[in-house]
Amino acid sequence: MSIVVTGATGHLGRLVVEGLLETGVPAAGIAAVVRDKDKAADLASRGVELRIADYGAPDTLAGAFRSGDRVLLISGNEVGRRVPQHTAVVSAARAAGVAQLAYTGVLGGPEADFELAAEHKVTEQAILDSGLPYTFLRNGWYTENYTEQLAPVLEHGAVVTSAGEGRIASATRADYAAAAAAVLTGEGHLGRAYELSGDAAWSMAEYAAEVAKHSGMEIAHRNVPAGTHLEILTGAGVPAPFAAILVDVDRAVERGLLARGDGDLSRLIGRPTTPLAETVAAALAHR
């Protein structure tokens, strides 16, 4: 039996593998499912088993899992293609007889009614239909979704959104990774759905204020209509379909769908979630 992390060379996957190692899981007891073994050479050098597979190539998934494995399915990043990709992983996990399939979905689960949540909801239902022992990790927004996009904010002196006064209970990737490691190594998590979010919700105006504070620059929050926001994003080179998704997320933020704070995340990781100010300060320090 191994603890299997799919997408293990991605931002979240690497953090989960690191978290497992830090909590004392032997490297030989961890399997990293990756598309490119060269990108995972550092993991292999530490004794982590590599299993080469691709969400988009179902035939490769047959050898990705073993009976009794505890598996983390990290959702794919190809929006619009994730349902067939995830379904292929679920089918392979079922055929192998894994002991647990944990899935990184989205905050709100079946009640989340914004576009980005649609594929997650279908995936959760596919897992339920499979009969596999499951854990749903319904991740809220990553703070890094904003702090990794600071260049235009600093260039223009503004955080431009169409989220109004909506609030976001975000947490860092490291926080979510720690939660995943906890459910993969602990007991009592089967058949559970965790609504994971940060301890404190913040508005975009508060985010702009934090960037101003830690950069020493004047940074304003500029709220614009959804149509204008879409034009700004596409004008900056964001592909139209993805720009539409980002604007739709801001609508969800405005409606409070990413502001819920049930405390599941901090309970799972045994500490408070990382504050917005800390993440902003760290991002600016590394620029």
Side-chain angles (χ1 to χ4, degrees), residues 1-21 25 27-106 115-139 142 173 176-177 180-181 183-184 239-242 245:
M1 185 277 288
S2 296
I3 295 178
V4 183
V5 180
T6 71
T9 54
H11 291 305
L12 183 62
R14 281 191 174 278
L15 288 170
V16 175
V17 173
E18 289 293 339
L20 292 170
L21 292 169
V25 178
I30 303 171
V33 175
V34 300
R35 289 185 295 183
D36 185 341
K37 66 178 181 180
D38 292 336
K39 291 183 178 180
D42 60 316
L43 298 178
S45 70
R46 299 169 71 180
V48 174
E49 178 189 358
L50 300 187
R51 299 180 184 176
I52 311 304
D54 186 335
Y55 291 174
D59 290 348
T60 68
L61 293 165
F65 311 117
R66 312 279 191 273
S67 178
D69 282 349
R70 292 187 172 193
V71 178
L72 174 65
L73 168 54
I74 295 178
S75 57
N77 58 12
E78 296 180 89
V79 177
R81 299 183 59 192
R82 293 190 287 190
V83 169
Q85 291 177 347
H86 294 172
T87 301
V89 175
V90 173
S91 295
R94 184 173 183 272
V98 306
Q100 178 186 25
L101 181 61
Y103 172 66
T104 61
V106 71
E115 186 177 347
L116 198 60
E119 292 173 304
H120 292 298
K121 292 191 285 187
V122 175
T123 301
E124 284 196 4
Q125 189 59 53
I127 293 171
L128 292 173
D129 292 343
S130 75
L132 284 168
Y134 70 88
T135 308
F136 292 150
L137 299 169
R138 294 173 176 161
N139 289 352
Y142 299 166
R173 288 193 188 99
Y176 293 114
V183 303
L184 291 168
F242 188 58
I245 288 173

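- Nearest heavy atom pair, residue T104 against residue S75, reads OG1-N, 3.0 Å.
- Across every non-hydrogen atom of G13 and I74, the tightest pair is CA-CD1, 3.4 Å.
- Rounding to the nearest 0.5 Å gives a distance of 13.0 Å between CZ of R94 and OG1 of T87.
- In this structure the side chain of V25 never reaches within 4.5 angstrom of the side chain of L184, judged on heavy atoms.
- Note that the CD atom of Q100 and the CG atom of L132 stand 10.5 Å from one another [nearest 0.5 Å].
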Given side-chain contact (heavy atoms from CB on, under 4.5 Å), test R46 with I30 step by step and report yes or no. CA-CA 11 Å; R46 299 169 71 180; I30 303 171; over 6 Å; no

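- More than 12 heavy atoms of other shown residues, nucleotides or ligands fall within 6.0 angstrom of atom CZ in R66.
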Any chance you could lay out the side-chain contact (heavy atoms from CB on, under 4.5 Å) test for L137 and L72, step after step, and finish with the verdict? CA-CA 10 Å; L137 299 169; L72 174 65; 4.0 Å; yes

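- Counting only heavy atoms from C-beta outward, the side chains of Y55 and N77 never approach each other to under 4.5 Å.
- Contact detail for S2 and D69: the closest heavy-atom pair is N-OD1, 2.9 Å.
- Considering all non-hydrogen atoms of both residues, A180 and V16 come closest at CB-CG2, 4.0 Å.
- With contacts defined as side-chain heavy-atom distances shorter than 4.5 Å, the pair E124/I127 does not qualify.
- Rounded to the nearest 0.5 angstrom, F242 CZ and L116 CG are separated by 7.5 Å.
- I52 has its side chain within reach of V34: a pair of non-hydrogen atoms, C-beta onward, lies under 4.5 Å apart.
- Aromatic rings of Y103 and H86 (six-membered ring for Trp) have centroids within the 6.0 Å cut-off, being under it.
- Within the 4.5 Å cutoff, no side-chain heavy atoms of V71 are placed close to those of V89.
- The two residues R82 and G76 come nearest to each other via the heavy atoms CD-O, 2.8 Å.
- A donor-acceptor contact shorter than 3.5 Å is absent between the side chain of E18 and the backbone of A177.
- A donor-acceptor contact shorter than 3.5 Å links the side chain of D54 to the backbone of G56.
- For the pair T9/D36, no side-chain contact is recorded, criterion being any heavy-atom separation below 4.5 Å from C-beta on.
- Within the 4.5 Å cutoff, side-chain heavy atoms of E119 are placed close to those of V79.
- Applying the 6.0 Å contact sphere to CZ of R35 captures no more than 12 heavy atoms from other residues, nucleotides or ligands.
- Distance CZ/R51 to OG1/T6: 12.0 Å, rounded to 0.5 Å.
- Taking every heavy atom of both residues into account, V183 and A102 meet most closely at CG2-CB, 4.5 Å.
- Residues V17 and L43 form a side-chain contact, since some pair of their non-hydrogen atoms from C-beta on lies under 4.5 Å apart.
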